[in-house]
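Input: a single structure, listed below in structure tokens.
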Amino acid sequence: MAQPISQEDNLILQSYCTVMLMNALAAGNNLLESDYYKTLNIEPPIRQMIDEIKVGNRGALLMFLYAMLVIPRELLSAKYQAEYNEIDLRLVSLTQSTNTTYDESPVQYVRHIRNAVAHARVTFSPPPDDSVTFEDKDRGGHTFATTMPLRHVGLLLDDLQQVHRKWVNDCRSKWPTR
């Protein structure tokens, strides 16, 4: 029997849908060259910045990671722990360097990247490095830092999308149809 969508499910669902929409708009659809974009009520200085940085920019990347890591963290991590563990193992090969004082094996990349995004401890390196560094620290003095080429962050986002798709499919039967 279908149940109303819970507040928690609704937050995850809306965040995920927004990520998917932004991703579709950024993915080679020439949005910024479209007639529709030209009609949007955007102040000229803001429009100029959007034209320069495009839709799929570093700020969008941080919003995507926030929506896919920070918002659902407590709600999805236990149910999909195996999937997150697989992402952790994959991140070993996607990162350039990782330094940690946490006593954990394997390294919990997803948890630390989530914390870095949540606490705005993310640094982008300009070309030619074109990488992003995520830093996490706790009150006990433990630290974590990992650097990943920007071209690999899309792979992380793809992996996170797989978890979200699985969650949507698992939940679909309990949600009411419209």
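These numbers come from the heavy atoms of this one structure, side chains and all, not from hydrogens, waters or symmetry mates. Computed from a predicted model, the values in this text were never measured in an experiment. Residues: numbered from 1 along the sequence shown.
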Given side chains that start at C-beta, do those of L65 and V122 come closer than 4.5 Å, heavy atoms only?
no
State the CZ-CG distance between R111 and L69, to the nearest 0.5 angstrom.
13.0 Å
Within the distance-only criterion (no hydrogens, no angle test), does the side chain of Q81 pair as donor or acceptor with the backbone N or O of N85 below 3.5 angstrom?
no
Any link between M63 and V110 through a network of hydrophobic side chains (Ile, Leu, Val, Met, Phe, Trp, Tyr) touching at under 4.5 Å?
no
Please tell me whether Y109 and D136 have a donor and an acceptor in their side chains that are separated by less than 3.5 angstrom.
no
Would you kindly confirm whether L156 and L89 end up in one hydrophobic cluster when ILVMFWY residues are joined by side chain heavy atoms under 4.5 Å apart?
no
Would you find a donor on one side and an acceptor on the other, under 3.5 Å apart, between the side chain of S34 and the backbone of Y37?
yes
Atom pair OG1/CG of T18 and N23 - distance to nearest 0.5 Å:
12.0 Å
Ionic contact status for E33 with K38, cut-off 4.0 Å:
no
Q108 side, atom CD; F144 side, atom CZ - distance, nearest 0.5 Å:
10.0 Å
Rounding to 0.5 Å, atoms NE2 (H164) and CG (L13) come to a distance of 9.5 Å
Work out which heavy atom in M68 is nearest to a heavy atom in L160; give both atom names and the distance.
CE-C, 3.4 Å
Do V92 and V107 pass the side-chain contact (heavy atoms from CB on, under 4.5 Å) test, and can you show the C-alpha distance, the side-chain angles, and the key distance before you say yes or no?
CA-CA 8 Å; V92 171; V107 174; over 6 Å; no
Which heavy-atom pair separates L94 from M148 by the least distance, and what is that distance?
O-CG, 3.5 Å
Within the structure provided, determine whether S6 and D9 are in side-chain contact (heavy-atom separation under 4.5 Å).
yes
Is any side-chain heavy atom of L150 closer than 4.5 Å to one of L61?
yes
Please tell me if the side chains of T146 and N99 come closer than 4.5 Å, counting only heavy atoms from C-beta onward.
no
Between R90 and D159, does any NZ, NE, NH1 or NH2 come within less than 4.0 Å of an OD or OE carboxylate oxygen?
yes
What about V153 and L62, same hydrophobic cluster or not, with Ile/Leu/Val/Met/Phe/Trp/Tyr joined at side-chain heavy-atom distances under 4.5 Å?
yes
Tell me if the CD atom of Q161 is crowded by more than 12 foreign heavy atoms within 6.0 Å.
yes
Determine, using the 4.5 Å side-chain heavy-atom cutoff (strictly less than), whether I53 and V19 are members of one ILVMFWY cluster.
no
Using the rule given for side-chain contact (heavy atoms from CB on, under 4.5 Å), can you reason through D51 versus R47, listing the C-alpha separation, both sets of side-chain angles and the distance that settles it, and then say yes or no?
CA-CA 6 Å; D51 291 344; R47 184 179 297 275; 3.8 Å; yes
Do the side chains of D130 and R151 get nearer than 4.5 Å, heavy atoms only?
no
In sequence, state the C-alpha distance, the side-chain angles, and the governing distance for T98 and L91, and then conclude on side-chain contact (heavy atoms from CB on, under 4.5 Å).
CA-CA 10 Å; T98 300; L91 284 168; over 6 Å; no
Are the side chain of R121 and the backbone of A145 linked by a donor-acceptor contact shorter than 3.5 Å?
no
Qualifying ring-ring contact (aromatic ring centres under 6.0 Å, His included) pairs, either residue in residues 47-104, two or more places apart
Y102-H112, Y102-H142
Testing the 3.5 Å rule here: is there a donor-acceptor pair between the side chains of S131 and T147?
no
With a cut-off of 6.0 Å (strictly less than), are more than 12 heavy atoms of other residues, nucleotides or ligands near NZ of K166?
no
Gap between atom CD1 of I50 and atom NZ of K54 - 0.5 Å precision:
11.0 Å
If you look at every heavy atom in I71 and S15, which pair is closest and at what distance?
CD1-OG, 3.2 Å
When you check the side-chain N and O atoms of Q14 and N10, is any donor under 3.5 Å from an acceptor?
yes
Electrostatic pair D170:R165 at N-O distance under 4.0 angstrom:
no
Whether the side chain of S125 engages the backbone of V132 through a donor-acceptor N/O pair (distance < 3.5 Å, no angle test) should be reported.
no
Point-to-point distance, once rounded to the nearest 0.5 Å, from OH of Y36 to CG of L31:
8.5 Å
